[in-house]
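Everything on this sheet refers to the single structure shown next.
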Protein chains: 2
Amino acid sequence: MPVNNYYSITEMTREFGVSTRTLRFYEDEGLIHPERRGRTRLYRQADRRLIAEILRGRRIGFTIAEIREIIQVYSQPPGEIGQLKLLMKRIDEKRDDLRQKRKDIEDTLTELDHIEEACIGRLAEIGVGT
Amino acid sequence: MPVNNYYSITEMTREFGVSTRTLRFYEDEGLIHPERRGRTRLYRQADRRLIAEILRGRRIGFTIAEIREIIQVYSQPPGEIGQLKLLMKRIDEKRDDLRQKRKDIEDTLTELDHIEEACIGRLAEIGVGT
DNA sequence: CGCGAAATTGACTTTGACGTAAAAGTCAAT
DNA sequence: ATTGACTTTTACGTCAAAGTCAATTTCGCG
């Protein structure tokens, strides 16, 4: 249970199924910045949302650097025009990458369907004899 | 160009954009088994298809072990009933995993859309003053 | 206050997926 | 026979993303 709207690090680890080491690692990498009371980390709603986003990126296969990039864009939209255009180009690239990945996933899903069908057929075959 | 329906290793690397090291690594890991003429590897259509599948798995984020599993299922459908059921369970799990990944990707795609919109807005703002 | 559980830190290790470098073999063409 | 372009094998290196461990600190609470 959160105390005073703050979550301890172990509460976070339980919620997200990651280790404390992982959370500290993300902090070292500049992805999250929990508050401190003394040396103890205190996590809040904003941190929870951020962590959820980080883990989503991780599941997709983004590197820490890529995740950091996306996060930074959110918190600090670049002011310079060249940077903005560069950013948009990188967004486009990432989008293409994701679309490819989605297609790969869909292809693999139908492939899994085929495999399962084969299994069912095989089971029926064998099952007859039992 | 393939000679006599055989492809050399560098032809494969060019086609798939991977290194020779990678192809040999996949062979060491038991994913592919190109023929040999003497010590030289010769790749064929079947190998090409397999490699395409391996790389698709890689893009999705499967480990070598997972890829190997899927491949083995194809080449050797298990005959024992318990193994078949186990396999189907693992397929179900993998499918859930992929569906989650697809959702993650879709969420991230719309997030990227938002970010890009913000960029466009920002560009319009700034662009006015130039 | 005192004590045990929880948290922090730093250093070291591990794992997966290749990269890289060295030394030697293959083969076609000059 | 030599050159040059590929290949092969072996072995060590690397890089990201944590895991592990040990030595402190700090917190909650009786």
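Both backbone and side-chain heavy atoms feed into the values below; hydrogens, waters and symmetry mates do not.
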Check your understanding: Between residues 32-40 of chain B and DNA chain C, which residues have a heavy-atom gap below 4.0 Å?
Key ->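 Output list: empty, so none.
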Review point. Quick one: stems for DNA chain C, with Watson-Crick or G-U pairs under 3.5 Å, at least three in a row?
Key: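 Consecutive-pair runs (3 or more) involving DNA chain C: C:1-30 with D:1-30.
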Partner set under side-chain hydrogen bond (donor to acceptor under 3.5 Å, both in side chains) for [X], not counting sequence neighbours:
X	answer
A:Thr20	none
B:Thr13	none
B:Arg90	B:Glu69
A:Gln83	none

Identify, with sequence neighbours excluded, every residue that meets side-chain contact (heavy atoms from CB on, under 4.5 Å) alongside [X].
X	result
A:Val73	A:Leu87, B:Ile115
B:Phe16	B:Met12, B:Val18, B:Arg48, B:Ile51, B:Ala52, B:Leu55
A:Arg37	A:Leu42

Study note, to complete from the structure: Quick tally for nucleotides 11-24 of chain D: nucleotides whose base has a protein heavy atom under 4.0 Å get B, sugar-phosphate-only ones S, the rest -, giving B-----SSBB----
Review point. Can you tell which of A:Arg41, A:Arg14, A:Gln45, A:Arg44 makes a side-chain hydrogen bond (donor to acceptor under 3.5 Å, both in side chains) with A:Tyr7?
Key: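 The option that passes is A:Gln45.
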Check your understanding: So which of residues 42-53 of chain A are in contact with DNA chain D, with a heavy-atom cut-off of under 4.0 Å?
Key ->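 Contacts with DNA chain D under 4.0 Å: none.
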Practice item. Provide, to the nearest angstrom, the distance between the CZ atom belonging to A:Arg41 and the P atom belonging to D:dC27. Key: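 The distance from CZ of A:Arg41 to P of D:dC27 comes to 13 Å, rounded to the nearest Å.
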Review point. For B:Arg59 and C:dA17, what is the distance between atoms CZ and C1' respectively, to the nearest whole Å?
Key: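 Rounded to the whole Å, the gap is 17 Å.
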Point to revise | Contact list for residues 50-66 of chain B, test salt bridge (Lys or Arg N to Asp or Glu O under 4.0 Å), sequence neighbours left out | key: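 Counting only pairs at least two positions apart or across chains, the salt bridge (Lys or Arg N to Asp or Glu O under 4.0 Å) contacts touching residues 50-66 of chain B are A:Asp104-B:Arg59, A:Glu111-B:Arg56.
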